[in-house]
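To find a chain, count down the sequence lines: A is the first, B the second, and so on, and within it residues start at 1. Keep in mind it's a predicted model, so treat the numbers as computed, not measured.
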2 protein chains.
Amino acid sequence: MPSDQTRTAILAAAERLYADRGFGDVTLRDIVAAAGVNLAAVNYHFGSKDELIAELFVTRSIATNRERLNELKAAEEKGGGRADIDAILRALVGPTLRGCLGPDRERSTAARFMIRASIESVPPIRRIKNREVDHLRKFVAAMRRSLPDRGEVDLYWGLHFALAMAHHTIRESERLARLSDGKCDLNDVAGIIERIVAVSVMALTGGAAEKKPAAKLVARDAR
Amino acid sequence: MPSDQTRTAILAAAERLYADRGFGDVTLRDIVAAAGVNLAAVNYHFGSKDELIAELFVTRSIATNRERLNELKAAEEKGGGRADIDAILRALVGPTLRGCLGPDRERSTAARFMIRASIESVPPIRRIKNREVDHLRKFVAAMRRSLPDRGEVDLYWGLHFALAMAHHTIRESERLARLSDGKCDLNDVAGIIERIVAVSVMALTGGAAEKKPAAKLVARDAR
DNA sequence: TTGCATTTCAAACACTTGTATGAAACTATC
DNA sequence: GATAGTTTCATACAAGTGTTTGAAATGCAA
């Protein structure tokens, strides 16, 4: 059995560099330099640059999806097969937001890499990404169980908007900070999640307060 | 005065190619081939590839911003200096959505180019893009006039979410179509705009129906 | 037409990219 | 300890990039 410390060093360095600087301007030479290995090691261990990216993406993709589904399943079991809509949405956007935002960006490399992958859309990733709809369908199903009276199309749009707010918040966090002169606290990840979930719930329920007391719907104007 | 048909041919070809395929994989040779001009013409007329991109971006940027501000000003004048919040948001997201979505993608090249620019974040654009916050501040000011009781931070988040939904809808329109098996009609641009505006208004007003009858807040389940 | 500035063109330049090669170093089995 | 398989390494390669060059072509005033 081969010692794969070179392999993992390449994977770690590549993920960090891609997360920080994007796929566009990270070369194989940058990666091997950061990993402290030889240039030819990438092609030896992975075959090509694209296969390296693909392996990176599939690994993180199933990890993120599992994290989401675990939260979803926990919420559904607690509710006896029918989770509250806000819990479903929290399971959808929570993992990514917690991974990408907040002060502890140390182990957030994976999440930041996934955001890069969702933004830049490089060929090897685009091919894989089509399976993601199957993953999202599970959330649509859970939402349908939670809101059986809502129309199908509204559910799709609600899920779409929830992802929109989550991803856009991650991508444009600095612009929001500058626009608001720092008044929008982007380190308060829990607060951001609640904000996005609250808006998504309103989008899905038409603004009328539902069965739950809707605790977090009030404006939070810290600082 | 020089005949600038070569210049404009380059600009048109570059904008179309960038809009269609992104900055990443469009070379100068692709551009000059599409424009039917010589390779050296780009450097002769623009100095460098980055300056070509920058000129493209600033031109479209001020055009889009003007379109937005015209709608905003019209709404504010109609309301005697204080526009309804939904009119403000419509002025913010309407122009871009109308340009990028819908069946007539012929003259939407400009809007699609702007979306590319907002996604890929290539260096020459990133430098210019910082001025956009000044443009957005005008919308924050209008929102403050329209909703004087709302907290500052809520206004920023509301504007942020509105842009999030608009941009994400443009970027991931095909995924939404596939996820919903075509049930989400992405050719109904006016309906999409109203949907986004409605959710944004709810995000800003906390879900309670305000002074206006909130006409469009009901779910639309066409098809 | 002559002369001069502007614009076009083919060709080459310098550089970076991902990939391939073949020898060297290493590892573990017999 | 010899040998076969695996891994590393320096180096080279082919292709593609933006840019530059200097001459040819063009347009336009005197």
Side-chain angles (χ1 to χ4, degrees), chain A residues 1-58 113 116-117 120-128, chain B residues 1-58 113 116-117 120-128:
Chain A
M1 176 179 177
S3 88
D4 52 1
Q5 53 180 326
T6 300
R7 239 187 94 94
T8 57
I10 292 174
L11 285 170
E15 180 167 48
R16 189 173 59 78
L17 287 177
Y18 284 143
D20 285 342
R21 293 159 38 189
F23 298 99
D25 45 29
V26 171
T27 77
L28 280 190
R29 283 166 176 82
D30 293 333
I31 295 174
V32 298
V37 302
N38 187 268
L39 172 60
V42 171
N43 288 276
Y44 177 78
H45 284 281
F46 298 93
S48 71
K49 181 191 186 181
D50 282 8
E51 293 178 75
L52 165 63
I53 294 178
E55 168 147 352
L56 226 34
F57 182 69
V58 299
F113 169 84
R116 284 287 184 190
E120 296 201 5
S121 181
V122 67
I125 288 183
R126 205 176 323 164
R127 284 192 290 271
I128 304 169
Chain B
M1 174 178 174
S3 88
D4 51 359
Q5 52 179 321
T6 300
R7 239 186 94 93
T8 57
I10 292 174
L11 284 171
E15 180 167 47
R16 189 173 58 77
L17 287 177
Y18 284 142
D20 286 341
R21 295 160 38 190
F23 298 99
D25 44 29
V26 171
T27 79
L28 279 190
R29 285 166 176 84
D30 293 333
I31 295 173
V32 298
V37 303
N38 186 267
L39 172 60
V42 172
N43 289 277
Y44 176 78
H45 284 281
F46 298 93
S48 71
K49 181 192 185 182
D50 281 9
E51 292 178 78
L52 165 62
I53 295 179
E55 168 147 351
L56 226 32
F57 181 69
V58 300
F113 170 83
R116 284 288 185 188
E120 297 202 6
S121 180
V122 67
I125 288 182
R126 206 174 323 164
R127 282 193 290 273
I128 304 169

Derivation and outcome, side chain to side chain contact (heavy atoms under 4.5 Å, CB included), residues B/Glu15 and B/Phe113: CA-CA 6 Å; B/Glu15 180 167 47; B/Phe113 170 83; 3.8 Å; yes

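Summarising the geometry, the separation between CG on A/Asn43 and P on D/dA10 is reported as 16 Å, rounded to the nearest angstrom. Between the OH atom of A/Tyr44 and the P atom of D/dT8 there is a distance of 7 Å, given to the nearest Å. For A/Asp4 and C/dC26, the CG to P distance is 19 Å, given to the nearest whole Å. Straight-line distance from the CG atom of A/Asn38 to the P atom of C/dG22: 16 Å, rounded to whole Å. D/dT8 atom C1' lies 11 Å from atom CD1 of A/Ile10, rounded to whole Å. A/Lys49 places its NZ atom 8 Å from the P atom of C/dT19, with the value rounded to the nearest Å. Between the CG atom of B/Leu39 and the C1' atom of D/dT21 there is a distance of 12 Å, rounded to whole Å. If you take CD of A/Gln5 and C1' of C/dC26, they are 12 Å apart, rounded to a whole angstrom.
Atom CG of residue A/Asn38 and atom OH of residue A/Tyr44 lie 12.5 Å apart, to the nearest 0.5 angstrom. Of the inter-residue distances, the one linking A/Arg127 atom CZ with A/Phe57 atom CZ reads 12.0 Å to the nearest 0.5 angstrom. For the atom pair CD1 of B/Ile53 and CZ of B/Arg116, the computed distance is 12.5 Å after rounding to the nearest 0.5 Å. Separating the CG atom in A/Leu52 from the NZ atom in A/Lys49 is a distance of 9.0 Å, to the nearest 0.5 Å. For the atom pair CD1 of B/Ile31 and CD1 of B/Ile10, the computed distance is 8.5 Å after rounding to the nearest 0.5 Å.
Looking at residues 23-34 of chain B, you'll see B/Thr27, B/Leu28, B/Arg29 sit with a heavy atom under 4.0 Å from some atom of DNA chain D.
Residue A/Thr6 places at least one side-chain N or O closer than 4.0 Å to OP1 or OP2 of D/dT8. Applying the 4.0 Å criterion to OP1 and OP2 of C/dT8, one finds that B/His45 has a side-chain N or O inside that range.
Within 4.0 Å of B/Ala40, counting heavy atoms only, lies at least one base atom of the nucleic acid.
Annotation: salt bridge (charged side-chain N to carboxylate O under 4.0 Å, His left out) contacts of B/Asp30 (sequence neighbours excluded): B/Arg21.
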